[in-house]
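In what follows, a single structure is set out as structure tokens and then discussed.
The chain is numbered in sequence order, starting from 1. These numbers come from a predicted model, not from an experiment.
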Amino acid sequence: MNKQVFVFSGQGSQYQGMGKNLFETSDEAKKLLNLADKSLDYKISDIILGDQKQLIIQTEYTQPALLTLAVAQYNYLKSEYNFRPTIMAGHSLGEYAALVCSGSLEFTTALKLVSARGKLMSVSAGKAGAMAAVRGIETARLKRLVADQISEGKMVTISNANGKGNNVISGLKEDIESFAELLEANGATIIFLNVSAAFHSPLMHEAASKFAKLLNEVEFQMPESLVISNVDAHPYQSVVEIKEKLSLQMENTVNWVDTVSYIVRSKPESIIELGAKSQLKKMIMQDYRDLKIFSFDDEADLQAVKALLSDESKLASVSSEYSFISRMLGVIVSTPNKNFDTQDYEKKVIIPYNELVKKNEDFKEKAYSPNIEEIVELVKRLRDILTAKQVPIIEQIDRVNDLLLEAKLGDQKDKILEEIY
């Protein structure tokens, strides 16, 4: 099955009338918009499709509106095509859409969360903060300069690590302004952002602390796809971790450059951006021009997405005919070998592989599907074979995780991984 990655854009991409055609033509999108209208003390449809242009740029309204758009886009695609994303990631606010679409968080709950998040961040706007985009200076050098500023008692941080040489700084207004002058003297291009708060900086600490209490009252599930955290660019491993990192995210760097690096290492067939405009596509393509990236909000890209997912649906209907062991055998064959000891390879790879082939034939003849206990034992054998091929543990876990995702084991997937690794 092809590896599809979905990424969700964040605040700053919004515009009046975003998603208008989708909300007018898709029953799934209409249903979600109606649900959103009933979930808060105002109508999201008025914010997105109304004529009050000043509201769409206010943080407390922007965040629920963008969440609704991204989830509506995803629900539309799911209603039309059969696909299963392997990885999801969101840029700041977009992480909430990723959690909703991965089955980790219920939509109306997420809507109320981001509404509260937006209000808390707006309140923090009274602390004389500022943000500025920094171009033309390497990230490593920028980090050193930021460290120098902090050592001098300045309130300055990198709020968004968006790409190689593409960053945003955040902090106290006077400190950011003086730092900007220093950066320009070092050859950087500075663009001050039209915001009144220092998002993703220590100035958000009070808001993050209050938000943490709200998160503790919310019920999360483990995502059905891997969801990458903005905080450390690693997949979430537990519900507790999700809550902790969503709070930390408000006052820490959006580690987008490392998130994209993680995605690229997974060798995705394609990356599909959901949300408004094509900001993430542009960011990613600055560093990785050979990737196949499509944005839902671009009409030409959307047609390409439909064609891509249509082909994926056909593949899914075929691959569903293959047994669990057949998929295991595929993993073994497709994983490069690094063990060149002929005798050891014969004993620990070839013989066990042939035993699995025979077991697969027996299961097919009896039309038998293994139960959970048998799947655990089968995956242990797969682990042993991959270990004999000298496959690194991290790569093993990624391959086994993909296998278990395709098997649609739900909550059992994480238990199996924990038991085996």
Side-chain angles (χ1 to χ4, degrees), residues 7-19 36 40 42 44 47-48 52-74 88-101 105 110-125 127 129-133 157-163 166-171 191-201 203-204 207-208 211 228-231 245-256 259 273-284 295-297:
V7 294
F8 301 82
S9 60
Q11 193 167 342
S13 61
Q14 71 277 358
Y15 62 91
Q16 195 70 31
M18 58 186 185
L40 300 175
Y42 60 88
I44 292 288
I47 305 301
I48 298 176
Q52 302 180 58
K53 295 183 179 180
Q54 73 279 8
L55 294 182
I56 193 69
I57 60 173
Q58 294 180 25
T59 299
E60 63 181 284
Y61 299 111
T62 303
Q63 297 197 13
L66 284 170
L67 173 71
T68 301
L69 173 65
V71 176
Q73 291 170 336
Y74 185 80
M88 293 185 175
H91 190 283
S92 187
L93 168 70
E95 196 166 317
Y96 291 84
L99 288 166
V100 170
C101 295
L105 183 60
L111 201 63
K112 293 170 184 176
L113 267 181
V114 300
S115 176
R117 180 179 184 265
K119 289 175 183 176
L120 287 169
M121 293 172 78
S122 296
V123 170
S124 297
K127 296 184 178 179
M131 300 178 72
T157 189
I158 298 176
S159 58
N160 301 69
N162 290 330
N166 178 9
N167 298 282
V168 177
I169 55 173
S170 183
I191 304 171
F192 279 90
L193 305 186
N194 186 24
V195 295
S196 56
F199 300 144
H200 300 292
S201 81
L203 290 176
M204 290 287 127
F211 191 59
I228 313 301
S229 167
N230 279 179
V231 174
K245 289 183 178 177
L246 286 179
S247 173
L248 288 172
Q249 185 217 68
M250 291 179 69
E251 56 180 318
N252 283 275
T253 304
V254 175
N255 216 330
W256 188 248
T259 296
E273 176 184 3
L274 300 184
K277 298 184 179 177
S278 305
Q279 289 188 341
L280 298 184
K281 175 183 176 180
K282 292 173 183 175
M283 283 184 196
I284 295 170
S295 293
F296 189 107
D297 208 28

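With sequence neighbours excluded, no residue forms a side chain to side chain donor-acceptor pair (under 3.5 Å) with Thr157. The side chain to side chain contact (heavy atoms under 4.5 Å, CB included) test applied to Ala208 returns Ser247, Met250, Glu251, not counting sequence neighbours. His200 pairs by the ring pair (Phe, Tyr, Trp, His ring centres under 6.0 Å) definition with nothing, not counting sequence neighbours. Applying the side chain to side chain contact (heavy atoms under 4.5 Å, CB included) rule to Ala130 yields the partners Lys173, Ile176; only residues at least two apart in sequence or on another chain are considered. Applying the side chain to side chain donor-acceptor pair (under 3.5 Å) rule to Tyr15 yields the partners Asp297; only residues at least two apart in sequence or on another chain are considered. By the side chain to side chain donor-acceptor pair (under 3.5 Å) test, Gln11 is found to be paired with Thr59, Gln63, residues two or more places apart in sequence or in another chain being considered. Take Ala72 and apply the side chain to side chain contact (heavy atoms under 4.5 Å, CB included) test, not counting sequence neighbours, and it matches Leu22, Phe23, Ala29, Leu32. Remark: Phe192 pairs with no residue by the ring pair (Phe, Tyr, Trp, His ring centres under 6.0 Å) rule, at least two apart or across chains. With sequence neighbours excluded, no residue forms a ring pair (Phe, Tyr, Trp, His ring centres under 6.0 Å) with Phe199. Under the salt bridge (charged side-chain N to carboxylate O under 4.0 Å, His left out) criterion, Lys281 pairs with Asp301, not counting sequence neighbours. Not a single side chain to side chain donor-acceptor pair (under 3.5 Å) links Gln73 to another residue, sequence neighbours left out. With sequence neighbours excluded, the residues satisfying side chain to side chain contact (heavy atoms under 4.5 Å, CB included) with Leu248 are Val231, Asn252.
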Step by step, would you call Met283 with Glu273 a side-chain contact (heavy atoms from CB on, under 4.5 Å)?
CA-CA 11 Å; Met283 283 184 196; Glu273 176 184 3; over 6 Å; no
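For the atom pair Asn166 CG and Trp256 CH2, the distance stands at 12.5 Å (nearest 0.5 Å). Of the inter-residue distances, the one linking Met18 atom CE with Ser9 atom OG reads 8.5 Å to the nearest 0.5 angstrom. Expressed to the nearest 0.5 Å, how far OG of Ser13 lies from NE2 of His91 amounts to 10.0 Å. For the atom pair OG of Ser159 and CG of Leu193, the computed distance is 7.5 Å after rounding to the nearest 0.5 Å. The CG atom of Asn160 sits 8.0 Å away from the OG1 atom of Thr253 when rounded to the nearest 0.5 Å. To the nearest 0.5 Å, atom CE of residue Met88 and atom OH of residue Tyr74 are 3.5 Å apart.
Shown are Val254, Asn230, Leu66, Thr62; of these, the side chain to side chain contact (heavy atoms under 4.5 Å, CB included) with Leu93 is made only by Leu66.
At least one donor-acceptor pair under 3.5 Å links the side chain of Thr259 to the backbone N or O of Asn255. No donor-acceptor pair under 3.5 Å is formed between the side chain of Gln14 and the backbone N or O of Ala276.
Taking both residues in full, the closest heavy atoms of Leu69 and Gly275 are given as CD2-C, 3.7 Å, listed atom of the first, atom of the second, then distance. Closest approach of Ala36 to Ile44, counting heavy atoms only: CB-CG1, 3.9 Å. Closest approach of Ala110 to Val100, counting heavy atoms only: CB-CG2, 3.4 Å.
The 12-atom threshold is not exceeded at NZ of Lys282, counting heavy atoms of other residues, nucleotides or ligands nearer than 6.0 Å.
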